[in-house]
Amino acid sequence: MDTLHAPHDPLLAGLNPEQLTAVTWPAKSALVLAGAGSGKTRVLTTRIAWLLQTSQIAPSGLLAVTFTNKAAREMQTRLASLVPVNVRTMWIGTFHGLCNRFLRTHWRDAGLPQTFQILDSADQQSAIKRLLKALELSDEKFPPKAVQGFINGQKEAGVRAEALSAHDPYTKKLIELYAAYDAQCRREGVADFAELLLRSYEVLAANKALAEHYRTRFHHILVDEFQDTNRLQYAWLTLLAGRDNALFAVGDDDQSIYAFRGAEVGNMRALMHDYGIAAPIRLEQNYRSAGNILNAANAVIEQNDGRLGKNLWTDAGEGETLRLYEAYSDGEEAEFIVDEVRALKREGLSLADIAVLYRSNAQSRILEHVLVKAGLSYRIYGGLRFFERQEIKHALAYLRLMVNPDDDNALLRIVNVPARGIGARSVESLLAAGREQGVTLWQAACGSGTGNKKLGTFVLLIDRLRERAEGLALAEAISLAIDDSGLRAMYQEDKKDGEERLANLDELINAAAGFFPDDPDNALVEFLTAAALEAGEHQAEAGQDALQLMTVHAAKGLEFDAVFVSGLEEGLFPHENSLADSKGLQEERRLMYVAMTRARQRLYLSCAQQRMLHGRSSYPIRSRFVDEVPTELVKVLSSRPKPMPINQRAPWLDAAPSSADRNAAGQRSADSGGWRIGQSVEHAKFGLGVVINAEGSGDDIRLQINFAEHGVKWLDLRYAKLVPA
DNA sequence: AGGGATGCTATTTTT
DNA sequence: TAGCATCCCT
């Protein structure tokens, strides 16, 4: 590194000049354009450490915000290794985590119950469904997801229902729904994710003294992944920063891949404008990837416009060229990848250092299929997380009810789980009672008195649980709830997957035993909050060495020795839903950029000429992104002919026997009676090819096949020996 | 209360 | 194609 400029302070040793500039930036706002693999996290944590070490700020005077819990944890861990501070007491966390902390302190100002509970997306959706039912609106006309999107979108723009107006009746109704939903949440003492942010913002905006208090406190505000902030988050940050505090934002506009959920890359320019930042500090030296990979990625991202501008470089040499493989079919693409992974493994790479990336989750299926066949261990990111499991949600619902009985979502979830004779009609009348009296279901259940004996027993159960949990350690309280609610017994009866669910419930008790609350008297509320804000790892650690499979989105922030970017086809990557406007396409290109910059040494690009999509064969063309990579950086591993365009299908093909469907799905079948256009086949003499046309019927069928080595031929099925390939 | 039939849809996802 | 949600029936 640059020893000439590096001061003697060991904290700063080894930083390159740009990193050093960023770390030792004076107490004023800055935007750091941090390219992939440029040491972003290091800069962020080292700056905090430097500010502390040089006594420019006390640990309490600093606010550091990230998007994910993982990033927050990493920052805390690394900071703790640099300077002797208690990172737990510092305001380092996610936007939502910090807002939650704020609201737990200022719950009165925020008009929330002290024990308010947090709705995750699924909870929010069921709350909305319930609301739609209560208002007798068809979820045909008002799809819960759309309503949810509307509400969250407005909240993330900082807009309440009262501030909205519309002329068309549909939007009017949506606004009404938004208002009714918020009223419902208030009644039940719950807050959704966006609400945490908006409410915090509003409390600060409405309370000058409080805002001033925090502004006097937080002289340095640091933000990670700034390109992912939404409007509300930016407003919240600027509110806290005021005029005098330093807003130190780190981000990369080229890695902005979350516009679809409200991220505003424009916040980067806004920050420069609003805080008089003349130019961003650019971190362009990359410590991750070989030169060829960087040059390829640079060439692709250059096709975008409106960039702040950045060019990654490395002094580590060119490394290997990229490899491109064009397969006949999705199945053959998967086989290629698996073969190649095996070869890499033989060369000494461990599977955990290899990743297969794809644009959409559905693509993992075929890869899994081939991996299982090959006996390679793999790990797929995505899917159900721990706190999203049914049995965990059930258990948490009991706990939530103990803490806040007005939580209707929680009550509805478990009022009859396990079955206690409170069926649909009892629930209906309870809902009706609540609606009539304008109270929560719990209040209605208590009020009904002798009306429903079974409901009374349920109320008693919850009350007794609450009393008995008093004074118990967290893990014991949870264990008690699981036992006395009957959940444990219920899963003991369940032959199907009861065993696994019981194991998960025990895991929940374990998690509670290892949970250290800030305030022991408030352990249960804190635990429930943590469960909502941090739903857990995406999948249990596979433990052993396993190939990593994930979407490109999930790969952001990670790196691997070898990376396969698969399914590089028009319509898939870039995805067809993004092709309508250039904004969408440019986000897809950033996605490609993210994918490519995950690789340290070797980068494979692959695509297929035939792919099953929504149950049909499609014949995509190779992604434009592949062609945006300079050819001299790519070694083409295969160049096989594309199937001819299909102008007309033979009528009999559309009524193909079921065996044809199975063949088309990529499974080998002993019965090779049916063939499909686009299907890969193998011929003893001509080798591999693709069916491109057909004629005849019954015994007299002729197929036109495009062979890789021998070109296009017509074959008579009566004589030709063909096998699916 | 749960299982089977039916129908619809089909990116990306953290908190 | 397949996964799901919903509905209807037992």
Side-chain angles (χ1 to χ4, degrees), chain A residues 65-72 93-100 118-125 129 139-140 143-145 149 152 155-156 191-198 224-225 228-230 232-233 256-263 330 357-366 369 381-383 385 387-388 416-425 427 494 496 529-538 550-557 567 571-580 584 587-588 590-592 594-595 611-618 658 661-662 664-667:
Chain A
V65 201
T66 63
F67 270 87
T68 65
N69 292 295
K70 196 176 155 207
T94 63
F95 278 101
H96 295 86
L98 294 173
C99 285
N100 170 68
I118 297 168
L119 297 185
D120 66 19
S121 304
D123 296 333
Q124 186 187 34
Q125 207 176 323
K129 278 185 186 162
D139 45 9
E140 191 114 301
K145 269 211 194 95
N152 289 340
K155 286 191 180 187
E156 279 161 15
D192 59 56
F193 287 135
E195 187 67 28
L196 295 175
L197 281 153
L198 182 53
D224 191 18
E225 305 278 18
D228 289 339
T229 51
N230 62 34
L232 179 56
Q233 285 159 341
S256 162
I257 56 174
Y258 287 113
F260 72 90
R261 65 175 198 216
D330 44 5
L357 309 184
Y358 35 79
R359 175 64 238 266
S360 63
N361 287 303
Q363 288 166 257
S364 70
R365 170 175 299 273
I366 193 147
H369 178 77
Y381 284 74
R385 295 143 95 205
F387 286 101
E388 291 168 352
N416 200 34
V417 178
R420 45 175 71 92
I422 306 176
R425 54 204 174 278
V427 172
D494 181 358
K496 205 157 146 256
T529 300
L533 289 180
E534 191 167 359
E537 288 296 311
H538 244 309
M550 66 193 85
T551 63
V552 180
H553 282 92
K556 189 170 163 227
L572 193 60
F573 196 178
H575 197 276
E576 63 177 327
N577 295 0
S578 315
L579 293 174
E587 179 143 318
E588 294 290 302
R590 292 193 291 270
L591 209 42
M592 178 68 179
V594 167
R611 182 175 298 276
M612 287 301 275
L613 221 54
H614 311 322
R616 298 215 151 276
S617 277
S618 64
S658 61
D661 290 324
R662 273 187 281 127
Q667 289 172 9

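Just so you know, these numbers use all the heavy atoms, side chains as well, and skip hydrogens, waters and symmetry mates. Chain letters run A, B, ... following the sequence lines, proteins first, then strands; residues in each count from 1.
- E388(A) has its CD atom 12 Å from the P atom of dT13(B), to the nearest Å.
- Using a 4.0 Å heavy-atom cutoff across all strands shown, N152(A) reaches no nucleic acid atom at all.
- Between T551(A) and Y381(A), every side-chain heavy-atom pair lies at or beyond the 4.5 Å cut-off.
- Under the stacking criterion of a centre-to-centre distance below 5.5 angstrom and an interplanar angle below 30°, H96(A) is not stacked against the six-membered ring of dT15(B).
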Give me the distances for all protein-to-nucleotides 3-7 of chain B N/O pairs that come in under 3.5 Å?
none

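- Remark: the separation of the C1' atoms in dT12(B) and dA5(C) is 22 Å, to the nearest Å.
- Using a 4.0 Å heavy-atom criterion, one finds that E195(A) contacts no nucleic acid atom at all.
- Across all strands shown, N69(A) has heavy atoms under 4.0 Å from sugar-phosphate atoms exclusively, and none from any base.
- Side-chain N/O atoms of N361(A) include one lying less than 4.0 angstrom from OP1 or OP2 on dT12(B).
- In this structure dT12(B) sits in the anti conformation; its chi angle is more than 90° from 0.
- If you take atom C1' in dT14(B) and the same atom in dG3(C), they sit 23 Å apart, rounded to whole Å.
- Using a 4.0 Å heavy-atom cutoff across all strands shown, F260(A) reaches at least one base atom of the nucleic acid.
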Spell out protein contact along nucleotides 4-10 of chain C as letters: B when the base is contacted, S when just the sugar-phosphate is, - when no protein heavy atom is under 4.0 Å; keep the 5' to 3' order.
--S----
